[in-house]
Amino acid sequence: MRFYINKEHLVKEIDYPNRYRSQNLIKSSVVVFLVALMFLLLFRPFGVYDPELKMHYLFICFFHAFAPALILLAYFGGLNHFRKTIRKVKWNLIEEYIQIGIVLVLIGISSFLMRDLLYNNPNNWSWNYFFEEIRNCFVAGIFFYFFIRIAGFYFESKKGSPFVLQFIPLSVEPEKVTLKSNLFISTQVRQDDFSLEIDQLLFVKADGNYIELTKLNNSQITTEVKRISLTQFETQIKDYPHLFRCHRTYLVNMFKIEKVSGNSQGYLLSFNETDLKIPVSRKQIDNFNHYYQELRSKYIA
């Protein structure tokens with residue numbers, strides 16, 4: 001039987017996981033510590049030989065659980081700093097598996113280096129124990145990694161909205177669009193009136209009595225500031241149902257959204273050619289879902 005690997009799934013770009021982000025890293029490390037500690041205490045894995053123990057088994061379990069948590073915290077803390085320095089946002093499963101593999105090797109090395117502290121054994125510094133510690137870390141680590149991933153999916157699905165997983169970008173057929181692409185916008189001051197190419201608009205952000213227009217033209221992202229409130233602007237584009245007020249301070253072009261992430265507490269909308277994301281407030285989620293389905297049936301079906 002031929003072994004098949006879905007390479008496209010492995011290299012597909014995904015959001016950088018929340019569990020590794022700086023604001024969640026301490027919580028993730030605590031979870032790893034508690035899960036590892038409970039596992040070691042309950043199952044006494046990998047053939048523990050009591051006469052070799054230099055201290056009570058509880059303390060040995062503590063050290064073996066604390067080391068992975070500390071390494072996870074330090075490694076991904078450094079990785080986050082590096083990614084921020086080079087402004088890297090792309091992430092995929094291949095990269096995640098590589099990083100997890102490196103972490104497991106480091107945990108195995110740390111377990112090997114702790115042997116003299118924990119065990120009375122003349123062969124503590126042998127190559128046999130070195131490779132055994134790394135092997136044990138990979139066996140347990142892979143199990144815990146996928147267990148935590150599955151648990152994460154479960155809890156996200158319990159508190160989140162399944163709609164996010166079903167989002168498909170709205171690729172509009174030109175012959176189905178009957179609205180003018182160029183729209184003249186009037187402001188309170190005539191010399192500030194302007195023309196807007198709707199097809200180029202990604203989103204609009206409110207800034208007091210001004211708005212910021214973020215547009216995509218020939219793969220170039222530009223931002224223009226206009227003297228008009230978002231509410232006043234919204235009244236003049238009411239004939240364009242795909243321009244949706246998704247937040248108190250944001251209005252988005254639904255046709256330009258490439259990806260939706262988040263849950264029932266709020267969405268984040270992503271676009272091509274830019275790393276910028278804009279929010280959909282919790283109050284607007286149902287309206288957003290409704291508008292999305294309406295546009296699909298009107299322009300896509």
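All values derive from a computational prediction rather than experimental measurement.
The only option from Y20, Y16, F82 that meets the ring pair (Phe, Tyr, Trp, His ring centres under 6.0 Å) definition with F76 turns out to be Y20. Of the residues listed (N209, D193, D192), the one engaging T187 in a side-chain hydrogen bond (donor to acceptor under 3.5 Å, both in side chains) is D193, and it is the only one. With F244 as the partner, the ring pair (Phe, Tyr, Trp, His ring centres under 6.0 Å) test is satisfied by one option alone out of Y291, F203, Y292: Y291. With L243 as the partner, the side chain to side chain contact (heavy atoms under 4.5 Å, CB included) test is satisfied by one option alone out of V252, V204, I237: I237.
Expressed to the nearest 0.5 Å, how far OG of S110 lies from CD1 of I71 amounts to 3.5 Å. Between the CZ atom in R245 and the CZ atom in F233 there is a gap of 11.0 Å [rounded to 0.5 Å]. Atoms CG and OG, from L70 and S29 in turn, are 8.0 Å apart once rounded to the nearest 0.5 Å. Annotation: the span from L216 atom CG to T274 atom OG1 amounts to 9.0 Å, rounded to 0.5 Å. Interatomic distance, Q232 CD to S186 OG, rounded to the nearest 0.5 Å: 11.0 Å. Here T214 contributes atom OG1 and N253 contributes atom CG; the two are 12.0 Å apart, rounded to the nearest 0.5 Å.
We find that K226 and E212 are not joined by a salt bridge, their nearest charged nitrogen and carboxylate oxygen being 4.0 Å or further apart. Salt-bridge formation is not detected for the pair R115/E132: no Lys NZ or Arg NE/NH1/NH2 atom is positioned less than 4.0 Å from an Asp or Glu carboxylate oxygen. Ion pairing between K215 and E224 holds under the 4.0 Å rule for side-chain N and carboxylate O.
F184 and F194 have their aromatic ring centers separated by at least 6.0 angstrom. Aromatic ring centroids of Y267 and F288 lie under 6.0 Å apart. Here W125 and F112 bring their ring centres to under 6.0 angstrom of each other.
Environment of CE in M55: crowded, with over 12 heavy atoms of neighbouring residues, nucleotides or ligands closer than 6.0 Å. Around the NZ atom of K54, the shell of radius 6.0 Å holds more than 12 heavy atoms that belong to other residues, nucleotides or ligands. Heavy-atom neighbours of R248 CZ from other residues, nucleotides or ligands within 6.0 Å: at or below the threshold of 12.
Between S281 and C246 the shortest side-chain heavy-atom distance does not fall below 4.5 Å. Side-chain contact between Y145 and L104: absent, with no pair of heavy atoms (C-beta onward) separated by less than 4.5 Å. Between P279 and Y250, the closest side-chain pair of non-hydrogen atoms falls below 4.5 Å. With contacts defined as side-chain heavy-atom distances shorter than 4.5 Å, the pair L201/L213 qualifies. At least one side-chain heavy atom of H64 sits less than 4.5 Å from a side-chain heavy atom of M114. Put simply, the side chain of I102 does not reach to within 4.5 Å of the side chain of I100, judged on heavy atoms. Looking only at side-chain heavy atoms (C-beta outward), I185 and I228 come within less than 4.5 Å of each other. When side chains are defined from C-beta on, L251 does not count as touching K205, because their heavy atoms never get closer than 4.5 Å.
The two atoms that bring L118 and F63 nearest to each other are CD2-CD1, 3.8 Å, heavy atoms only. The nearest pair of heavy atoms linking L72 to V32 is CD2-CG2, 3.7 Å. Contact between W91 and P17 at its shortest, heavy atoms only, is NE1-CD, 3.3 Å. Shortest non-hydrogen contact noted between S181 and D199 is CB-OD2, 3.3 Å. Contact between A65 and L40 at its shortest, heavy atoms only, is N-CD1, 4.2 Å.
With hydrogens and angles ignored, the 3.5 Å screen pairs no side-chain donor or acceptor of Y97 with any backbone N or O of N92.
Two different hydrophobic clusters hold L268 and I221 under the rule that ILVMFWY side chains link at heavy-atom gaps under 4.5 Å. Following chains of ILVMFWY side-chain contacts shorter than 4.5 Å, one cannot reach V189 starting from Y210, and the two form parts of different hydrophobic clusters.
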Take V105 and V103, measure what side chain to side chain contact (heavy atoms under 4.5 Å, CB included) needs, and give me the verdict at the end. CA-CA 5 Å; V105 169; V103 168; over 6 Å; no
Side chain to side chain donor-acceptor pair (under 3.5 Å) for N121 and Y129? Distances and angles first, verdict last. CA-CA 11 Å; N121 190 310; Y129 277 123; 3.0 Å; yes
Using side chain to side chain contact (heavy atoms under 4.5 Å, CB included), reason through F271 and I278 one step at a time and then give a plain yes or no. CA-CA 9 Å; F271 310 88; I278 69 169; 4.1 Å; yes
Check the pair I211, V225 against side chain to side chain contact (heavy atoms under 4.5 Å, CB included), reporting the backbone distance first and the verdict last. CA-CA 6 Å; I211 59 172; V225 178; over 6 Å; no
List the steps and the verdict of side chain to side chain donor-acceptor pair (under 3.5 Å) for N287 and Q284. CA-CA 5 Å; N287 288 333; Q284 287 291 68; 2.8 Å; yes
Does the pair T231 and E234 meet the rule for a side chain to side chain donor-acceptor pair (under 3.5 Å), with working shown? CA-CA 5 Å; T231 300; E234 189 178 18; 5.2 Å; no
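Side-chain N/O atoms of Q220 and N217 include no donor and acceptor closer than 3.5 Å. Defined by atom type and a distance below 3.5 Å, a donor-acceptor pair is present between the side-chain atoms of N272 and E258. Checking N124 against D116 by side-chain atom types alone, a donor-acceptor pair falls below 3.5 Å. Counted by atom type alone, Y75 and Q99 present one or more donor-acceptor pairs between their side chains at under 3.5 Å. For R21 and N24, the side-chain atoms include no donor-acceptor pair closer than 3.5 Å.
Ring geometry for F147 versus F143: interplanar angle under 30°, hence parallel rather than tilted (30 to 60°).
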